[in-house]
Asker: 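One structure follows; several queries about it will come next.
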Amino acid sequence: MDISVVIPLYNEAESLPELSAWIERVMRDNGFSYEILFINDGSRDNSLDVIKELQRNNPCIHAVSFSRNYGKSPALDTGFARAKGDVVITMDADLQDSPDEIPELYRMITVDGYDLVSGWKKKRYDPLSKTIPTKLFNATARKVSGIKNLHDFNCGLKAYRRDVVKHIEVYGDMHRYIPYLAKNAGYSRIGEKVVHHQARKYGSSKFGLDRFVNGYLDLISLWFQTKFGIKPMHFFGLLGSLMFAIGFIAVVTVLILKLVAMCSDTFSFWLTKSVYFYLSMTFMILGVQFFCTGFIGELITRNSVERRNYLISEEF
């Protein structure tokens, strides 16, 4: 099979018939063998019924329906696990991503040899309240990830070599950093293509402004996992050592001052009135705590955590 199109969706019943017909036309005109994987993320409208009706007319359509809303990342991860195409295309279900971009994305993977190609919505039809934070977010993501050639990490329209999606795990809200995840997995041939961005035709955006705050928190989390994910003691142990060293120096200072006071008739020194006494207590306690955190982290990394336990109510 040439292409798998993975489409996560939440309450997008109005756009699905038009999107499905558009994809079918592009595939037919280019002679691609394909499948469309709709991942219904607990929609509360009649999206699932619409998908079932579309499948009656096109056996290339398949769907997974979650029992509740888990988020875009779990939806993509579930779609990736089931994708069979040599090239996997992801796009949003709101008609803001154009299926006409698929042939060129496919060519860039199969001919140009990219592992991943990310879309860049150079001209956007979003308000300034969304575009300005997006630019700041992408600038930070480029700096932290080291992927200098991407302008739009969060673009839903992407193409992947099948091996890439089979060797990365997209959980939480990590869909924003799939290029970073791919790079960490050893897939470094990452390209970009300017894609057409269309104004939303139906419904409203399912993402609020909180996604920008969450995006930075996820980026910090991913950076930490990349640097210290399998060696947390290197991070917490270093902090613990520094804290303990500062505390130890403070203890030595307190002892010296107390000894001097004991040997002097003119100099008095009260432990509880000295800042060094409290520094020694605080930093030595913090040092021990950081050490313990490092040891616990080492133990946790030796146990696999089940992150893909999504309740699927229906699959066809």
Side-chain angles (χ1 to χ4, degrees), residues 1-106 109-110 117 119 155-162 164-166 170 175 178 195-196 198 200-203 206 308 310-316:
M1 184 181 296
D2 295 325
I3 297 174
S4 292
V5 184
V6 177
I7 305 174
L9 63 106
Y10 179 68
N11 295 342
E12 298 287 358
E14 294 177 300
S15 64
L16 294 179
E18 185 175 340
L19 177 61
S20 176
W22 194 352
I23 294 173
E24 290 175 35
R25 176 181 59 78
V26 170
M27 298 300 182
R28 183 178 61 250
D29 291 348
N30 290 273
F32 292 134
S33 58
Y34 72 100
E35 64 178 354
I36 302 175
L37 297 171
F38 287 113
I39 313 299
N40 179 36
D41 189 22
S43 296
R44 297 182 179 275
D45 62 0
N46 64 328
S47 293
L48 185 59
D49 294 332
V50 172
I51 295 171
K52 289 180 178 179
E53 182 62 31
L54 292 171
Q55 192 199 40
R56 293 190 184 100
N57 300 316
N58 184 356
C60 295
I61 292 176
H62 306 283
V64 174
S65 183
F66 291 159
S67 61
R68 67 172 179 84
N69 180 251
Y70 284 98
K72 187 173 182 179
S73 292
L76 287 173
D77 193 62
T78 299
F80 288 163
R82 288 159 175 77
K84 300 176 182 176
D86 295 330
V87 175
V88 179
I89 305 287
T90 60
M91 61 174 54
D92 294 334
D94 55 11
L95 294 174
Q96 290 190 285
D97 296 330
S98 171
D100 288 333
E101 307 284 356
I102 290 177
E104 179 61 16
L105 289 171
Y106 178 82
I109 296 291
T110 58
V117 178
C155 179
L157 185 57
K158 289 183 173 67
Y160 312 81
R161 192 180 305 281
R162 181 172 58 184
V164 176
V165 302
K166 300 300 183 181
V170 189
H175 60 273
I178 290 181
V195 297
H196 180 59
Q198 303 178 121
R200 174 178 275 274
K201 192 172 183 179
Y202 304 105
K206 309 304 187 295
R308 296 178 171 179
Y310 312 125
L311 297 178
I312 295 173
S313 63
E314 199 167 347
E315 183 171 355
F316 54 90

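When a residue number appears, it is its place in the shown sequence, counting from 1. Please read all numbers here as calculations on a predicted model, not as lab measurements.
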Asker: Mind listing the closest non-hydrogen atom pair of Ser15 and Ala93 along with its distance?
Answerer: OG-O, 2.5 Å
Asker: Drop me the distance from Asn58's CG to Glu24's CD, to the nearest 0.5 angstrom.
Answerer: 4.0 Å
Asker: Show every salt bridge (charged side-chain N to carboxylate O under 4.0 Å, His left out) that has at least one partner inside residues 41-52, sequence neighbours left out.
Answerer: Lys52-Glu314
Asker: Give a yes or no answer on whether the side chain of Thr110 reaches the backbone of Tyr106 with a donor-acceptor pair at less than 3.5 Å.
Answerer: yes
Asker: If every non-hydrogen atom of Leu37 is compared with every non-hydrogen atom of Gly79, which pair is closest and at what distance?
Answerer: CD1-O, 3.7 Å
Asker: Which atom pair, heavy atoms only, marks the closest approach of Val88 to Arg162?
Answerer: CG2-CA, 4.4 Å
Asker: Using every non-hydrogen atom in the two residues, find where Ser47 and Leu16 come nearest and quote the distance to one decimal.
Answerer: O-CD1, 3.9 Å
Asker: Mind running side chain to side chain contact (heavy atoms under 4.5 Å, CB included) on Val6 and Val165 for me, showing each step along the way?
Answerer: CA-CA 11 Å; Val6 177; Val165 302; over 6 Å; no
Asker: Any heavy-atom pair between the side chains of Phe66 and Thr78 that's under 4.5 Å?
Answerer: yes
Asker: Are the side chains of Asp100 and His196 in contact, using a 4.5 Å heavy-atom criterion?
Answerer: no
Asker: Would you say that more than 12 heavy atoms from the other residues, nucleotides or ligands in this model lie under 6.0 Å from the NZ of Lys84, or not?
Answerer: no
Asker: With a 3.5 Å distance limit and no angle check, can you tell me whether Ser4 reaches the backbone of Glu35 through a side-chain donor-acceptor pair?
Answerer: no
Asker: Are side-chain heavy atoms of Met91 and Ile23 found at a separation under 4.5 Å?
Answerer: yes
Asker: Grab the two heavy atoms, one from Asn30 and one from Pro103, that are nearest each other, plus how far apart they are.
Answerer: ND2-CG, 3.5 Å
Asker: Between Asp97 and Lys158, is the closest basic N to carboxylate O distance under 4.0 Å?
Answerer: no
Asker: For side chain to side chain contact (heavy atoms under 4.5 Å, CB included), just list the numbers for Val170 and Ser73, CA-CA rounded to whole Å, side-chain angles, deciding distance to a tenth of an Å, and then say yes or no.
Answerer: CA-CA 5 Å; Val170 189; Ser73 292; 3.7 Å; yes
Asker: Take Leu54 and Ile36 through the test side chain to side chain contact (heavy atoms under 4.5 Å, CB included) and record every step on the way to the result.
Answerer: CA-CA 11 Å; Leu54 292 171; Ile36 302 175; over 6 Å; no
Asker: Run the side chain to side chain contact (heavy atoms under 4.5 Å, CB included) test on Phe32 and Val5 for me, step by step, so that the C-alpha distance in whole Å, both residues' side-chain angles and the decisive distance to 0.1 Å come before the verdict.
Answerer: CA-CA 12 Å; Phe32 292 134; Val5 184; over 6 Å; no
Asker: Only one of Ile178, Leu105, Ile89 clears side chain to side chain contact (heavy atoms under 4.5 Å, CB included) with Tyr160; which?
Answerer: Ile178
Asker: Quick check: does any side chain N or O of Asp2 sit under 3.5 Å from a backbone N or O of Ser33, one acting as donor and the other as acceptor?
Answerer: yes
Asker: Do you know which two heavy atoms are closest between Tyr10 and Ser43, and how far apart they sit?
Answerer: CA-OG, 3.3 Å
Asker: Using atom types as modelled and distance alone, determine if a side-chain donor or acceptor of Gln55 lies under 3.5 Å from a backbone N or O of Ile61.
Answerer: yes
